[in-house]
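Remarks on the structure that follows.
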Amino acid sequence: MNQYLAVLPASIATFAATNIDDVFLLTFFFAHRISTRRIVAGQYIGFGAIVGVSLIGVWAALAIPHRWIHFLGVLPVAIGIKHLLQDRTELEAPRSSNNNVLSIAVITLSNGGDNIGVYVPFFVNGRAHLWLILIVYAVLMALWCFVGRWLGGHSFILRSVDRWGRWAGPLIFVGLGIYVLNS
C-alpha cells in the first residue's frame, strides 16, 4: 500500500512537469475554436505514441544491467537544466487551418521529446506499478484537456501560468532525476 502512495504523487508530478507545455497547446487549440473531439482525440493519440516510444525505451533499458539503471536519472536532470537555461520563447498557435486529429496528434508527439526522456527512467524505476502510472496519466490527460478548454477563454490565467510555468516544469525534472539517481 505504501508503494502505491509513493507512485501516485510521482506519477502526477512527472505528468504535470512534462505536460505543462501541452496546456498551452491545448489552450491555443481551444481558443481557435477547433472541435473538442478533434483536440481530445489528437491529444490522446499523440500522447499514446509518446508512451509507446517510452515503453520501447523501457524495454531497451531493461537490457542494461540493473546497477546502472539509476544513471538514467541524468536524463531528466539534463532536460530540466536545459529548460532552465534556455531562452524563453513564446508558444505560437499552430498556423494550420486544417487542424484535424492527425495534425494535433503529430504536434503533441513532436512536443514530447522531454516526456520520453523523463518517462523511460520513471517507468523503469516504477515498472512494478506501470499499470497505475498509465491509468493516472490517462485520467490526467482528460483533466489537461478540460483545463486547456477552460483556459482557452481566459487569457489572464494563461499569462499567469506562462509566467511561472517556465520554472516549475524544469525544477520538477531536476527533482525527478535526483530521485531516480538516488534509487
Side-chain angles (χ1 to χ4, degrees), residues 1-27 39-84 101 104-150 161 165 167-183:
M1 183 66 163
N2 288 338
Q3 292 174 345
Y4 295 115
L5 293 177
V7 169
L8 189 60
S11 299
I12 292 169
T14 57
F15 182 89
T18 57
N19 289 293
I20 193 74
D21 49 350
D22 280 351
V23 170
F24 295 105
L25 284 175
L26 287 165
T27 300
I39 296 169
V40 172
Q43 188 69 15
Y44 269 97
I45 291 168
F47 189 73
I50 290 168
V51 169
V53 170
S54 298
L55 290 172
I56 291 168
V58 168
W59 177 76
L62 290 175
I64 298 170
H66 186 67
R67 64 185 182 277
W68 295 353
I69 293 296
H70 66 278
F71 289 115
L72 290 173
V74 171
L75 289 172
V77 169
I79 291 168
I81 291 170
K82 176 186 169 230
H83 284 284
L84 284 170
V101 172
I104 293 170
V106 168
I107 290 168
T108 301
L109 177 60
S110 68
N111 193 36
D114 58 340
N115 299 51
I116 295 165
V118 171
Y119 294 169
V120 170
F122 182 62
F123 289 177
V124 167
N125 199 36
R127 67 183 176 272
H129 304 292
L130 190 58
W131 61 271
L132 177 60
I133 295 167
L134 296 179
I135 289 170
V136 169
Y137 283 8
V139 169
L140 289 174
M141 184 55 64
L143 177 64
W144 244 234
C145 289
F146 174 79
V147 169
R149 184 172 184 199
W150 186 76
V161 171
W167 299 101
L171 290 174
I172 292 172
F173 288 161
V174 170
L176 173 68
I178 292 170
Y179 168 78
V180 172
L181 283 168
N182 288 321
S183 55

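Scope of the values below: all heavy atoms of this structure, side chains included, with no hydrogens, waters or symmetry mates.
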I'd like to check Gln43 versus Val40 (side-chain heavy atoms, cut-off strictly below 4.5 Å). Are they in contact? no
Within a strict 4.5 Å, meaning less than it, do heavy atoms of the Phe122 and Phe15 side chains meet? no
Counting N and O atoms only, with roles assigned by atom type, does the side chain of Arg149 sit under 3.5 Å from a partner on the main chain of Phe146, one being a donor and the other an acceptor? no
Partner of Leu109 under side-chain contact (heavy atoms from CB on, under 4.5 Å), chosen from Ile50, Asn115, Ile45: Ile50
Residues two or more places apart in sequence or in another chain: which of them pass side-chain contact (heavy atoms from CB on, under 4.5 Å) with Leu55? Val51, Phe123, Leu130
Applying side-chain contact (heavy atoms from CB on, under 4.5 Å) to Val53 and not counting sequence neighbours gives Ile116
Ignoring hydrogens, what is the shortest heavy-atom contact between [X] and [Y]? Give both atom names and the distance.
X      : Y      : result
Trp144 : Ile20  : NE1-N, 4.2 Å
Ala142 : Tyr44  : N-OH, 3.0 Å
Ser54  : Val120 : O-CG2, 3.5 Å
Ile133 : Ser11  : CG1-OG, 3.3 Å

Mind checking what makes side chain to side chain donor-acceptor pair (under 3.5 Å) contact with Tyr137, not counting sequence neighbours? Thr14
What's the spacing between Asp22 CG and Met141 CE if we round to 0.5 Å? 6.0 Å
Calculate, to the nearest 0.5 Å, the distance between atoms OG1 and CD1 belonging to Thr108 and Ile39 respectively. 10.0 Å
